[in-house]
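Here the structure is a predicted model, which means the values were calculated and not measured.
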Amino acid sequence: MSVDHSKPNLSQSQAADIVKKHYKLTLSQLRTLPSYDDQNFCIETVEGGEYVLKIMNLVHTKDPTLIELQTYAMNFLHKKGLPTQTAQKTTMGQVMFLEAIDCGYGLQKYLVRLLTYLPGIPIANIPSSPQLLYEVGRTAANMDNVLNKMEHPQLSALQRDGFIWSLSNIPLLLKYINVLDGDPLLEVVKSVLHQYKTVVAPQSSSFRTCLIHGDFNDLNVLVQADDSNGHKISGIIDFGDMSFGYYVFELAITIMYMMLEHPNPIEVGGPILAGWESVFPLNAAERDCLFWLVLSRLCQSLVIARYSVTLHPENEEYLMISSKKGIPILHKFFEMGKEQVEKVWFQSAAQFKDRN
């Protein structure tokens, strides 16, 4: 089976048939949602409910335990008061099931779920105020604290050794770095990987471990207008990168992605850090490594996106969303250096704490 055929490509009529067959719902509207490597449909029903039909790619379909854990985590967080989706049961009482579908290259079985639709728009679509960024940091830390209390008999499956998107596996980028051959970005990425090896890795034993969302990005955090003409967080979606890691990884990932749409990216780190530390203060090692972890995540995003485009050129526009915006940020932050960026972040965070 070709890797190029891993992502499902259902027609709208195929998606509608699945909903009618397994949930006995009457569709009033169906539209396609963007997705990295799965396929998502937004579904409105005559009964009044609004849902997301999620069809997993063939690679993830082969690991149903992982999808079960992600689904369990969303339900667990929802019960604890966080704004996550929950999985709807089929008429047979299942929260997920295998469906044989022909997407144009033969009959294949895909794992399917129907999730509640969360209101709001991605935070990427609005100007992020310092107060909202503070709430992003605080929400991310609260989420990880709750996840750290989650119990499940198959929780060990989330160790995910070798998972390319884990910040523990930054050295694995060397396998794909040739996609940057001839690009000035190559030397910057190599330098960041060296700093990870020499600065971050030796201190990682001092990081606090945790089960993390792993992709708390500007498209996976939803917001709604609030009563004060600002915005509040209304949703946390996409637990596909959830794994055991470190609290500081979640913080670094959050800062990196929230910088992408900001007109002055360096201003993002301080409010997020202040919000995070209102829940979970960093220790010395975590604080010392934060800058290089943020840049390491940028490198992950850029290299993996370039590599993914070689596999799925038809999906280049979506795959390169973060990459195109991240390249100038990586160059700028690398040129500024750790000391100067940290000074801005930590001073801003301290000032923000004093005001809250």
Side-chain angles (χ1 to χ4, degrees), residues 1-71 74-75 84-119 121-122 165 215 217 219-220 222 235 237-242 304-305 308-321:
M1 178 177 57
S2 168
V3 176
D4 292 337
H5 292 162
S6 174
K7 182 173 181 176
N9 185 30
L10 278 70
S11 66
Q12 290 197 352
S13 62
Q14 286 175 310
D17 288 343
I18 289 174
V19 175
K20 293 173 186 175
K21 175 182 174 184
H22 293 279
Y23 298 96
K24 304 301 183 186
L25 293 171
T26 309
L27 274 66
S28 60
Q29 189 173 343
L30 182 149
R31 58 186 171 87
T32 303
L33 296 172
S35 177
Y36 193 87
D37 50 14
D38 301 318
Q39 190 175 18
N40 300 325
F41 294 92
C42 179
I43 290 172
E44 297 180 27
T45 66
V46 172
E47 292 80 3
E50 196 168 359
Y51 307 94
V52 174
L53 180 69
K54 192 169 188 70
I55 302 96
M56 309 305 297
N57 67 72
L58 292 175
V59 175
H60 292 160
T61 291
K62 292 178 181 178
D63 197 350
T65 299
L66 202 59
I67 308 305
E68 178 187 342
L69 284 163
Q70 293 165 13
T71 307
M74 290 189 294
N75 289 337
T84 56
Q85 295 171 289
T86 56
Q88 303 302 292
K89 290 184 179 180
T90 66
T91 54
M92 301 297 291
Q94 301 167 295
V95 294
M96 61 185 194
F97 58 92
L98 285 171
E99 183 77 359
I101 307 165
D102 188 347
C103 293
Y105 32 80
L107 206 61
Q108 302 284 352
K109 287 187 177 181
Y110 297 88
L111 202 58
V112 178
R113 291 175 295 168
L114 188 68
L115 307 176
T116 51
Y117 182 86
L118 296 177
I121 59 173
W165 281 107
D215 197 16
N217 69 42
L219 296 175
N220 289 340
L222 307 180
I237 62 174
D238 195 350
F239 284 73
D241 286 357
M242 189 172 66
I304 296 173
S308 297
V309 168
T310 67
L311 300 178
H312 304 285
E314 76 287 350
N315 205 24
E316 180 175 1
E317 183 178 356
Y318 181 79
L319 293 171
M320 295 295 290
I321 287 174

Side chain to side chain contact (heavy atoms under 4.5 Å, CB included) filter on T116, not counting sequence neighbours, yields Q85, T86, Q88
For the student: nearest non-hydrogen atoms of K89 and V95, plus distance
CG-CG1, 3.9 Å
Once ring pair (Phe, Tyr, Trp, His ring centres under 6.0 Å) is applied, do any residues pair with Y51, and if so which ones, sequence neighbours excluded?
none
Side chain to side chain donor-acceptor pair (under 3.5 Å) with K21: which residues, sequence neighbours excluded?
E99
Can you tell me how far apart NZ (K7) and CG (D37) are? Round to the nearest 0.5 Å.
7.0 Å
By side chain to side chain donor-acceptor pair (under 3.5 Å), T84 pairs with (sequence neighbours left out) none
Output all residues satisfying side chain to side chain contact (heavy atoms under 4.5 Å, CB included) with L30, sequence neighbours left out; order by chain, then residue number.
Q12, A15, A16, L27, F41, I43
Output for pair (L114 CG, H22 NE2), nearest 0.5 Å, gives 11.0 Å
Can you list everything that forms a side chain to side chain donor-acceptor pair (under 3.5 Å) with T91? Sequence neighbours excluded, please.
none
Test salt bridge (Lys or Arg N to Asp or Glu O under 4.0 Å) applied to E68 - qualifying residues, sequence neighbours left out
none
Any side-chain heavy-atom pair of Q70 and M96 under 4.5 Å
no
With sequence neighbours excluded, tell me which residues meet side chain to side chain contact (heavy atoms under 4.5 Å, CB included) with D241.
F163, W165, D215, R297
Could I get the full list of side chain to side chain contact (heavy atoms under 4.5 Å, CB included) partners for P119, not counting sequence neighbours?
Q224
My understanding is that only residues two or more places apart in sequence, or in another chain, count here; which of them pass ring pair (Phe, Tyr, Trp, His ring centres under 6.0 Å) with H60?
none
About how many Å separate CG of N220 and CD1 of I237, when rounded to the nearest 0.5 Å?
5.0 Å
Rounded to the nearest 0.5 Å, what separation is found between the CG atom of N57 and the CD atom of Q108?
12.0 Å
Distance from T61 atom OG1 to L66 atom CG, nearest 0.5 Å?
11.5 Å
Under 3.5 Å: donor-acceptor pair, side chain of S28, backbone of E44
yes
Taking the side chain as every heavy atom from C-beta outward, state whether Y110 and L58 have any pair of such atoms under 4.5 Å apart.
yes
Which value, rounded to the nearest 0.5 Å, describes the distance between I67 atom CD1 and M56 atom CE?
3.5 Å
Which residues share a salt bridge (Lys or Arg N to Asp or Glu O under 4.0 Å) with D38, sequence neighbours left out
K54
Test item: Q39 side-chain N/O and L10 main-chain N/O as donor-acceptor pair under 3.5 Å:
yes
Could you tell me which residues satisfy side chain to side chain donor-acceptor pair (under 3.5 Å) with E47, sequence neighbours excluded, listed by chain and number?
T26
